[in-house]
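Below, chains carry the letters A, B, ... as their sequence lines are ordered, and counting in each starts from 1. Quantities reported herein were computed from a predicted structural model and do not represent experimental measurements.
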Amino acid sequence: MLSRLIGTKLREMRGHLRSEEESTLRAPLFFVLSAIFWAMLYRGSLWIVNQAVGIQPVGDLLVQKLLAITFLVFLALLTFSNIVTVFTTFYLSDDLQFLMSKPIPDDELFTSRFLESLSESSWIVVVFGLPIFIAAGVGVGAPWGYYGMLGTTLIPFVALPTAIATLLALAITNLLEATRTRDILMFFGLIAFTGLFIAIRAYRPERLLNPESFESIGQMLDLLSAPTSAYLPSEWCMQILMPVLFNSGPPDYWDLGLLYSTPLALYFISAWCHRSLYERGYSKAQEGRHGPSLLTNLRNWIFERTESLRGGLDEGVASLREKGDDAISDLQQLVRKDQLVFLRDASQWSQLLVVLAIMLIYLVNYKYFEIASHQKLFGEVGLYYFNLAACGFVVVALAGRFLFPAVSLEGKNFWMILQAPISLEKFLTGKWLGAMTPVVVVGQFLIWTSNMLVQQNWFHCLMGSVITLVISIGIAAMAVGLGAVYPQFHNPNAAKIASSFGAVIYMILGMFVVLFVLAATFHVTMHYGNLASGEDGWNIGLVHHVVALAGLLTPFGVAAVSIRLGAHALRKRM
Amino acid sequence: MSDDSASSSHTGQPRVVLRNLVKRYGDFTAVDHLNLEAPEGQVFGVLGPNGAGKTTTLRMITGLLQPTEGTILVDGIDMIEDPTAAKRQTGFIPDRPYVYDKLTAFEYLRFIGGLYHMSADKIAERIEDMLELFELAEWGDSLIESFSHGMKQRLVFAGALLPEPRLMVIDEPMVGLDPQGHHLVKQLFQDLAHEDGLTVLLSTHTLEVAEDVCDQIVIINHGQIIARGTLQELRIESGADEGSLEEVFLALTEESDEERAEAVAARFGRD
């Protein structure tokens, strides 16, 4: 039975890949882009490892600390993505209605869902985490045994959060009122995010890049050699891998035992608990699907209280009459519809809190990086461009989360758009214009605040703003356009759409666009930036100005191409 | 009855013309060289067993699907060449009323009016008329998510009629409607066709509705038209002279297992 359940899932995936609705270029494109991104991540990680190794006498300890942070971040990411995935696969997935009505043994249903959650929530982390760990091995000159041990360590490391998440989800669906499950999910999301922030801040990673900020070498050694917590699986991985990485002895077999026995034990405990508690939890989760969440109740309250501001039916009709013969703009209606739907969807509100948290964390961390920039590692030019790139990546991530799923979220309502007398290009343009403003505002806020914080000169502030503006405009269109190339009309979960196959392609391409614009404008920005500071300009010519202009215009080209591609892909599906 | 004798009994000009319409999904032929003319001012029923190609045909007429081959003319406008202009003449009601449920009924209708580029005062007038006609005036300022299935269906009707289309395409109109809704809609179809001159193209499995309201009927099976005409003409063709539409339908679509297997194989290109 288990092999049948898993086999069905695999056949479903194969059918999806073979589907004629999807482009035949889909898999090769994904492979090529992923390979390029993977190689870039590897090169970047190798550079950092080499820099760290060069800082003597603490190079090895620095590499250890950076790897410990990486493991910790991955642990947090895996925990968060597993909680979201487990709720979907175990309690909310549409095929459960069919499976629950069939005589499938409890343990086999549990195991098939467990493996599905594990693969869904872990593959991105594993694929994109590997170049970092491999770079550490290459940078340090680790023996071959390190790479074998890395594989041995990562398997239980990714399984552990899945096992914890299944138990957590079982407890939540059984213990709490059904209608509160979504609120609890939001709560756990925020807790996980805050926990990650606190954990990383406790490391103060910027100090690791700036050894001179320590008062004495002893103080630095103390910080570097202190373990995080013996209870954290990320620390177990460190204890297993570090001796092998530095060829300094055998791995810690006690921690290896812990790393394997813990997820195994939790898996069996979870399977045992599921036998008696799963059906009750599943049933309550179905009730919770339809009840209003805390935020929906709040939305309803606001909706009722603002009726006088909004105006009722009579006021609406009267305001239309006032406009007389003027035709109502279709583009304006598309934008307005999207904005109303988004604002009234209370499930999106918690995501806005996450955006606020990202902005705050960004600015706080940026101030720390400024301290590091006074040293040789970064330099002022490096800091300025690091900030621009980071801002660009925040824009890519933000558009990926909110704009990429926009077309998919039309879902079953999409017939109205297809049947209406508007072109698909106009429909996508409406989505782009409607959602571009928040992305531009966040980008501008981040770039101005961060540049003001470190007192960049006026030209750098202005140029940073212009670069971020064109990037925001282009990336927003790219998110909408590629969201239409890889739509998931049957998936109502925006967070899952934002982490889908197409979204990964969008993220990689988006980062390329950001890096291209920054590279193209580099010389001109630095030349005039130096002049504005009263320093000598760079030696640049006409060609640098032309390249910079081309760089600034590229996002507009990207926007036009993305919208056309998106419309073309949607037409092909018809 | 042959395809080419289509409009022999029609009274008006053709509002919809389908010529050699084909829709293939890979090897599977859903609609196979279909020819049809639906005149103005008539309720035109499209019937057929499950998987016959009815919904695919209607969806191509409304621009929701693109044909693999063939021509669709709506009021003389080519749906492939100028879909925007053709869709401006068309209203569509799907079998399930999926609408933006975070909008109010008023906002939804204003949105539809905007998509059809209507003037503001015309939208205001039509919103009032439609909300009144479909008994939704009290709910005009409520979020659609609070509506029952039947109310949503009535709202979709209101939205489809708001821009005063010349062609109404309706897929399974009675799903989710209560008996009053049934009565209202059946009367509405006849009024729209016979008083306002619209062409109403409807696909349904509820043969009683088709019998009550359709001026003409086509029966599709395996992607092709197998019969067409008034109910009386179909009775004669099927040999069920005094029969109900159900008896006529069953007689016309009856086939042996071998015939069915052969037809399905042909649709998959395995002649």
Side-chain angles (χ1 to χ4, degrees), chain A residues 18-21 292 296 299-300 303 307 310-338 340-346 348 409-424 426-427 430 571-574, chain B residues 25-26 59-60 62-67 82-94 96-125 127-128 131 137-143 145-146 156 159-160 163 169:
Chain A
R18 286 169 57 188
S19 165
E20 301 221 348
E21 285 184 355
T296 307
R299 194 278 319 267
N300 290 343
F303 189 74
E307 191 180 344
R310 210 176 58 246
L313 173 63
D314 294 339
E315 287 86 350
V317 170
S319 94
L320 279 174
R321 285 199 201 284
E322 275 170 28
K323 290 180 187 149
D325 254 357
D326 295 345
I328 297 287
S329 153
D330 44 9
L331 202 56
Q332 189 191 17
Q333 285 302 315
L334 285 165
V335 170
R336 194 180 210 169
K337 182 269 291 177
D338 279 340
L340 286 174
V341 168
F342 181 80
L343 285 175
R344 289 177 188 164
D345 184 359
Q348 300 281 353
L409 289 179
E410 286 283 324
K412 289 170 177 163
N413 299 329
F414 194 46
W415 69 269
M416 278 181 278
I417 300 298
L418 288 177
Q419 191 270 317
I422 53 161
S423 67
L424 286 166
K426 189 173 265 185
F427 159 69
R571 258 191 293 274
K572 267 188 76 180
R573 299 175 77 90
M574 287 166 67
Chain B
Y25 298 101
R59 285 179 177 249
M60 284 192 282
T62 53
L64 288 171
L65 286 174
Q66 289 193 324
D82 191 356
T84 307
K87 286 174 184 178
R88 203 159 274 152
Q89 314 300 323
T90 316
F92 176 57
I93 298 167
R96 291 183 193 180
Y98 291 113
V99 278
Y100 300 106
D101 60 6
K102 298 284 184 280
L103 299 182
T104 65
F106 167 74
E107 287 164 350
Y108 169 71
L109 294 175
R110 185 183 58 189
F111 169 67
I112 298 287
L115 293 186
Y116 279 78
H117 230 61
M118 294 166 70
S119 69
D121 51 4
K122 186 70 183 169
I123 295 176
E125 179 198 323
I127 286 178
E128 283 184 325
L131 289 179
E138 286 171 61
W139 304 87
D141 194 35
S142 303
L143 289 180
E145 67 182 12
S146 65
V156 171
V169 180

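- When heavy atoms are compared at a cutoff of 4.5 Å, Gln89(B) does not approach chain A at all.
- Scanning both residues, Asp345(A) and Lys102(B), for their nearest heavy atoms gives CA-CE, 3.7 Å.
- Proximity to chain B (any heavy atom under 4.5 Å) is shown, for Phe342(A), by neither the backbone nor the side chain.
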> Checking side chain to side chain contact (heavy atoms under 4.5 Å, CB included) for the pair Lys323(A)/Ile123(B): CA distance, chi angles, key distance, verdict?
Replying inline: CA-CA 11 Å; Lys323(A) 290 180 187 149; Ile123(B) 295 176; over 6 Å; no
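- Chosen from Thr84(B), Asp101(B), Thr104(B), Ile127(B), the residue pairing most often with chain A at heavy-atom distances under 4.5 Å is Thr84(B).
- For Val169(B), no part lies under 4.5 angstrom from a heavy atom of chain A.
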Listing, residues 409-424 of chain A side-chain donor-acceptor contacts under 3.5 Å, not counting sequence neighbours, or none:
| from | atom 1 | to | atom 2 | distance (Å) |
| --- | --- | --- | --- | --- |
| Glu410(A) | OE1 | Tyr100(B) | OH | 2.4 |
| Glu410(A) | OE2 | Lys337(A) | NZ | 2.6 |
| Glu410(A) | OE2 | Lys431(A) | NZ | 2.8 |
| Asn413(A) | OD1 | Val99(B) | N | 3.1 |
| Trp415(A) | NE1 | Tyr98(B) | O | 2.8 |
| Gln419(A) | NE2 | Thr90(B) | O | 3.0 |
| Gln419(A) | NE2 | Tyr116(B) | OH | 3.2 |
| Ser423(A) | OG | Lys426(A) | N | 3.1 |

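- For chain A, no part of Ala160(B) is nearby; none of its heavy atoms comes within less than 4.5 Å.
- Across Gln333(A) and Gly114(B), no two heavy atoms sit closer than the pair CG-CA, 3.7 Å.
- Of the listed residues (Ile328(A), Asp326(A), Val341(A)), the greatest number of heavy-atom pairs within a distance under 4.5 Å of chain B belongs to Ile328(A).
- For the options Thr62(B), Asp141(B), Ile112(B), Leu65(B), heavy-atom pairs under 4.5 Å to chain A are most numerous at Asp141(B).
- With chain A as the partner, the residue from Pro94(B), Ala86(B), Gly63(B) showing the most heavy-atom pairs under 4.5 Å is Pro94(B).
- Of the two parts of Glu128(B), only the side chain, counted from C-beta on, holds a non-hydrogen atom closer than 4.5 Å to a non-hydrogen atom of chain A.
- Looking at Arg59(B), neither its backbone nor its side chain comes within 4.5 Å of chain A, counting heavy atoms on both sides.
- Contact detail for Leu103(B) and Arg344(A): the closest heavy-atom pair is CA-NH1, 3.7 Å.
- Considering all non-hydrogen atoms of both residues, Arg321(A) and Asp121(B) come closest at NH1-O, 4.2 Å.
- When heavy atoms are compared at a cutoff of 4.5 Å, Leu331(A) does not approach chain B at all.
- In Arg96(B), the CZ atom is not crowded: 12 or fewer heavy atoms of neighbouring residues, nucleotides or ligands sit closer than 6.0 Å.
- Between chain B and the residues Arg571(A), Gln332(A), Arg336(A), Glu322(A), the most heavy-atom pairs under 4.5 angstrom are made by Arg336(A).
- Listed options Gly324(A), Ser319(A), Ser329(A) were ranked by heavy-atom pairs under 4.5 angstrom with chain B; first place goes to Gly324(A).
- Of the residues Met118(B), Arg110(B), Lys122(B), the one that meets the side-chain contact (heavy atoms from CB on, under 4.5 Å) test with Leu320(A) is Arg110(B).
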